[in-house]
Structures are given as structure tokens and as C-alpha cells.
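What you are looking at is a predicted structure, and each value in this text was computed from that prediction instead of being measured.
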Amino acid sequence: MIFRYPSYYDKFHCIADKCEDTCCAGWEIDIDDESYEFYMKVGGEFGERLKNSIKEYESDEEDVYEQHGFILKEKKRCPFLDENNLCDLYRELGEEALCDVCTDTPRNYFEYGGERELSLSASCPEAARLIYAESDCTIFVEKEIDEELDFEETEEEKELALKIKEARGHAIKILQCRERPVGERAADFLRFAEKVQEELNGTPFSQTEGEETPYHMFLKRMVTLTALESISEEWEDWLKLLNETFVERGNHAEFYSSSHLRLKEEIVRQEREFEYEHLLVYYAFLFLPRSVDDYDFLGKAKLVIFSYLVIRDMDAAWFCRHGAYDKKIRENVARIYAKEIEHSQNNMEILADDFLFEDSYETGNLMGALLP
């Protein structure tokens, strides 16, 4: 089969205790059945610790893909994560004893159309550094590997997968067209996503003109964001900063607009507009193929644009407060947002519902927010 991934993946390696964050805190850690059976056979004192650290999920518990998971400690830390953010399980039993989710993270795998794709999650600081390191356009590597999918696809599923893959490829070309500003490319990307959705639906749908101002769209995003499940205290701090910067002061709309203008001027001065392109391409590569499951290509495209707008708001709030905007802030903001959105099925479902049913997230309004 074809194995596809961004070229920077070849440079990735975990930096373990040197990392400023950890993959092992903030969310449920599921245990695949094979690993669970192995853990149950581990003897001695460590085996007892293992058994006492595992829970069986309730049948109606949400966001569960396996039958078992680890019993998390304070601040949702894995019970085997020590004070130096190193793994006791790895130390005691070796890398081969890690369950699938621990082995894979921060890698995201997705298989469709007889192919496998991999992306690195920006929730990992080291991955975020790689995603935004180079100014050149992101390149995707394709390799033939001697494996096959462990599930069968119908001809209809294969045909849909091909359409989605080709549409995603064209969408990324739009986002990487550097003859135009990033905001205009993002708007073109949304227009193209509408056309793809019409083709998938088999019928046109009514186009809407934007009625919301960019600031009202920001307020709508804030309502959406505060309804999400909170993954970390860092996320709560950023929501507070956004609120203090753009909500709790006078001349809201004017100040919001001028803050984004100053940020844009600073980004142009530093010749770093390519980072927003990388951000959009990263999420287009990650999210758009998921439409093979629900035929909602436009909804996934809206999530790409929503992510860009929220991260741009976070950047503007930081720049307004501190008067500085460097590489470290870019990586940190992208990491915190990715951790909040990508790793919570609840949050993804909330966003999908809002994009589908809330008038504020019609494409016309989103385009208006992109082109203030």
C-alpha cells in the first residue's frame, strides 16, 4: 500500500524528559486488548502495580475505543509517569510493552482508499517545532510499503476515498499558492470546499452572504470555545487572556481590528506568513480525509478555517499584551490549541454540530472573518 506523510516526519524523535510538555497527561489513555492481556500476565511487585492501575470502562462511557484504560492521577497524569516525565512502564518492561496509544502518540494514522497516512500532532512540542521550522512549502512523501489494510473497502468506499484525496490535494495547492495573501487563499479554499460538498451531495445548496462582522464572529468563537471540554490549565489561561484582551475593554471591535492589523504588520516584517500557510496545510491534511466517514467535506474545511482563526486570535492577544511575537510563541500556541481540539472526541463533535447548525459559521461569515 501507499504510505503518505509530511517530509518533516523523517526528522522526528521523542526528546523524553527534555520536553517542556508530556504526551502522558490531560486525557484518557486507552489500553488495546493485546497490551491488556500482556499486562495481566506480568508478575511480581510491578505486575501488581500494573493491575491496580487499570480500569475497565463502563459500556456507556463516551470517547472509548478500547475496553480498558489507565487510572489517571492528579491533573490526569498517567500512573506510570514519574516526576521527571519519564515512563516507569518503559523503564521496567521496555518499549515493546507500551500499549498502542503510547507507541503511536504523537503520530496520527488514518487509513482509507487502500492507503495509510500519518501526521504528527502539533500538541507535541517537538512536532510543532518541525511543522513550523522551514519556510518552504510542506512536502508530502509517498512510499510503497509491503502491507495491506486489515479491513475491506467496498468499491463505493474506494471511489469516495479517491475523490476526497484528490480534492484534498487541490485544496492544499490553493493554500500553498504564495502569489496571494494567506487570508485570500483561505477564502478560496472555503469556496472550493463548497463545490466539493455540492458534488458529494449531488445537489447545490444555497450560498449565503456574510452578515456577521469579524468581531461578532470572534465573539461567536469565544462562545464555542468556552463550551468545550477543557484539557489543560494552559487552555483556561488562554481563554482568560482572549477575554481580557478583546472582550473586557472599550472600543471592542475597533481594538480587535487594530490588534490584528498590528500583528499582520509584524508577521510581514518578520517574513513569517508561511507559518500560517503551514498551519492551514497541516489541518487540511489531517482533517479533510475524515470526510470519507460522514461525507462532510465542507464541515472539515470549516474546522480548518476555525482553527486558523482561533490561533490567529491567540497570536493577536499575545502580541497585544507582550508586544512580541517569536517562534516560541507560534509553537506554543499551536501546541495548546492542538491539545485542546485534536485529542477530545467530545470537542470535535461539539464543533462539528456548530459548523452544521449555527448560522454564524456559514461560509460567507467565515470568509468575512478571513478578510477583515
Side-chain angles (χ1 to χ4, degrees), residues 1-15 23 30 32-35 65-66 94-124 126-178 189 192-193 196 199-200 274 277-297 300-301 304 338 342:
M1 74 166 79
I2 294 295
F3 179 40
R4 186 178 298 106
Y5 59 87
S7 60
Y8 52 74
Y9 173 65
D10 288 328
K11 301 177 184 178
F12 175 75
H13 68 278
C14 176
I15 59 175
C23 296
D30 298 339
D32 57 280
D33 291 342
E34 184 176 345
S35 296
Y65 296 95
E66 305 290 351
E95 182 177 5
E96 64 277 2
L98 297 178
C99 56
D100 287 348
V101 68
C102 296
T103 300
D104 293 343
T105 303
R107 302 162 187 84
N108 292 307
Y109 290 98
F110 192 66
E111 296 178 338
Y112 69 113
E115 300 178 349
R116 176 181 299 155
E117 294 186 346
L118 174 148
S119 61
L120 283 175
S121 175
S123 62
C124 166
E126 187 65 10
R129 279 187 277 273
L130 291 173
I131 292 168
Y132 299 103
E134 303 294 335
S135 60
D136 292 340
C137 291
T138 302
I139 296 173
F140 297 94
V141 176
E142 291 188 355
K143 291 183 177 179
E144 185 74 36
I145 59 175
D146 189 20
E147 292 185 41
E148 294 183 1
L149 300 185
D150 58 6
F151 59 91
E152 291 188 7
E153 295 175 298
T154 65
E155 289 304 315
E156 181 180 357
E157 289 172 329
K158 292 178 182 178
E159 182 179 344
L160 174 63
L162 180 60
K163 288 181 180 178
I164 296 299
K165 185 183 71 173
E166 291 178 346
R168 195 264 310 268
H170 185 71
I172 287 177
K173 287 182 179 179
I174 291 173
L175 294 172
Q176 292 182 329
C177 180
R178 295 188 173 183
F189 165 84
F192 173 70
V196 174
E199 182 178 346
L200 292 176
F274 70 87
E277 174 193 303
H278 290 345
L279 168 69
L280 288 159
V281 169
Y282 164 78
Y283 278 121
F285 183 77
L286 175 64
F287 290 145
L288 294 181
R290 271 64 178 176
S291 56
V292 298
D293 293 328
D294 58 12
Y295 285 74
D296 189 15
F297 190 90
K300 304 300 182 292
V304 174
E342 296 176 31

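- Interatomic distance, Tyr112 OH to Leu162 CG, rounded to the nearest 0.5 Å: 9.5 Å.
- Rounding to the nearest 0.5 angstrom, the gap separating the CZ atom in Phe297 from the CG atom in Leu200 is 8.0 Å.
- The two residues Leu175 and Glu277 make their nearest non-hydrogen contact at O-CG, 3.5 Å.
- Between Gln176 and Val281, the shortest heavy-atom contact is CG-CG2, 3.8 Å.
- Under the ring-ring contact (aromatic ring centres under 6.0 Å, His included) criterion, Phe287 pairs with Tyr283, not counting sequence neighbours.
- For Asp136, the side chain to side chain contact (heavy atoms under 4.5 Å, CB included) criterion is met by no residue, not counting sequence neighbours.
- Once rounded to the nearest 0.5 Å, the distance linking NZ of Lys300 with CZ of Arg290 reads 10.0 Å.
- Under the side chain to side chain contact (heavy atoms under 4.5 Å, CB included) criterion, Ser135 pairs with Phe274, sequence neighbours left out.
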Glu342 vs Leu286, side-chain contact (heavy atoms from CB on, under 4.5 Å): CA-CA, chis, key distance, verdict: CA-CA 10 Å; Glu342 296 176 31; Leu286 175 64; 3.9 Å; yes

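- Note that CG of Asn108 is 7.5 Å distant from CG of Leu118, once rounded to the nearest 0.5 Å.
- Here Glu126 contributes atom CD and His13 contributes atom NE2; the two are 5.5 Å apart, rounded to the nearest 0.5 Å.
- Residues passing the side chain to side chain contact (heavy atoms under 4.5 Å, CB included) test with Glu142 are Ile2, Arg4, sequence neighbours excluded.
- Taking all atoms of both residues into account, the shortest heavy-atom contact from Ile174 to Phe189 is CG2-N, 3.8 Å.
- Pairs passing the salt bridge (charged side-chain N to carboxylate O under 4.0 Å, His left out) check and including a residue from residues 161-177, sequence neighbours excluded, read Glu115-Lys165, Glu117-Arg168, Glu159-Lys163.
- For Tyr132, there are no ring-ring contact (aromatic ring centres under 6.0 Å, His included) partners, not counting sequence neighbours.
- More than 12 heavy atoms of other residues, nucleotides or ligands lie within 6.0 Å of CD1 in Ile145, so this atom counts as buried by the packing criterion.
- Closest non-hydrogen pair, Leu280 versus Val304, comes out as O-CG1, 3.7 Å.
- For Phe285, the ring-ring contact (aromatic ring centres under 6.0 Å, His included) partners at least two apart in sequence or on another chain are Phe140.
- The CD atom of Glu153 sits 9.5 Å away from atom CG of Leu160, with the distance rounded to the nearest 0.5 Å.
- The ring-ring contact (aromatic ring centres under 6.0 Å, His included) search around Phe3 returns Tyr5, not counting sequence neighbours.
- Taking Asp293 as the reference, Phe110 meet the side chain to side chain contact (heavy atoms under 4.5 Å, CB included) condition, with sequence neighbours excluded.
- Taking both residues in full, the closest heavy atoms of Leu120 and Tyr282 are given as O-CE1, 3.1 Å, listed atom of the first, atom of the second, then distance.
- Closest approach of Ser123 to Ala338, counting heavy atoms only: N-CB, 3.5 Å.
- Ser121 places no side-chain N or O within donor-acceptor distance of the main-chain N or O of Cys124, the cut-off being under 3.5 Å.
- Residues that satisfy the side chain to side chain donor-acceptor pair (under 3.5 Å) test with Glu147, not counting sequence neighbours, are Arg116.
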Only pairs under 3.5 Å count here: list side-chain donor-acceptor contacts from residues 97-105, not counting sequence neighbours, and write none if there are none.
residue : atom : partner : partner atom : Å
Thr103  : OG1  : Cys99   : O            : 3.2
Thr105  : OG1  : Val101  : O            : 2.6

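- Residues satisfying the side chain to side chain donor-acceptor pair (under 3.5 Å) test with Asp146, not counting sequence neighbours, are none.
- The side-chain heavy atoms of His170 and Phe192, taken from C-beta on, include a pair separated by under 4.5 Å.
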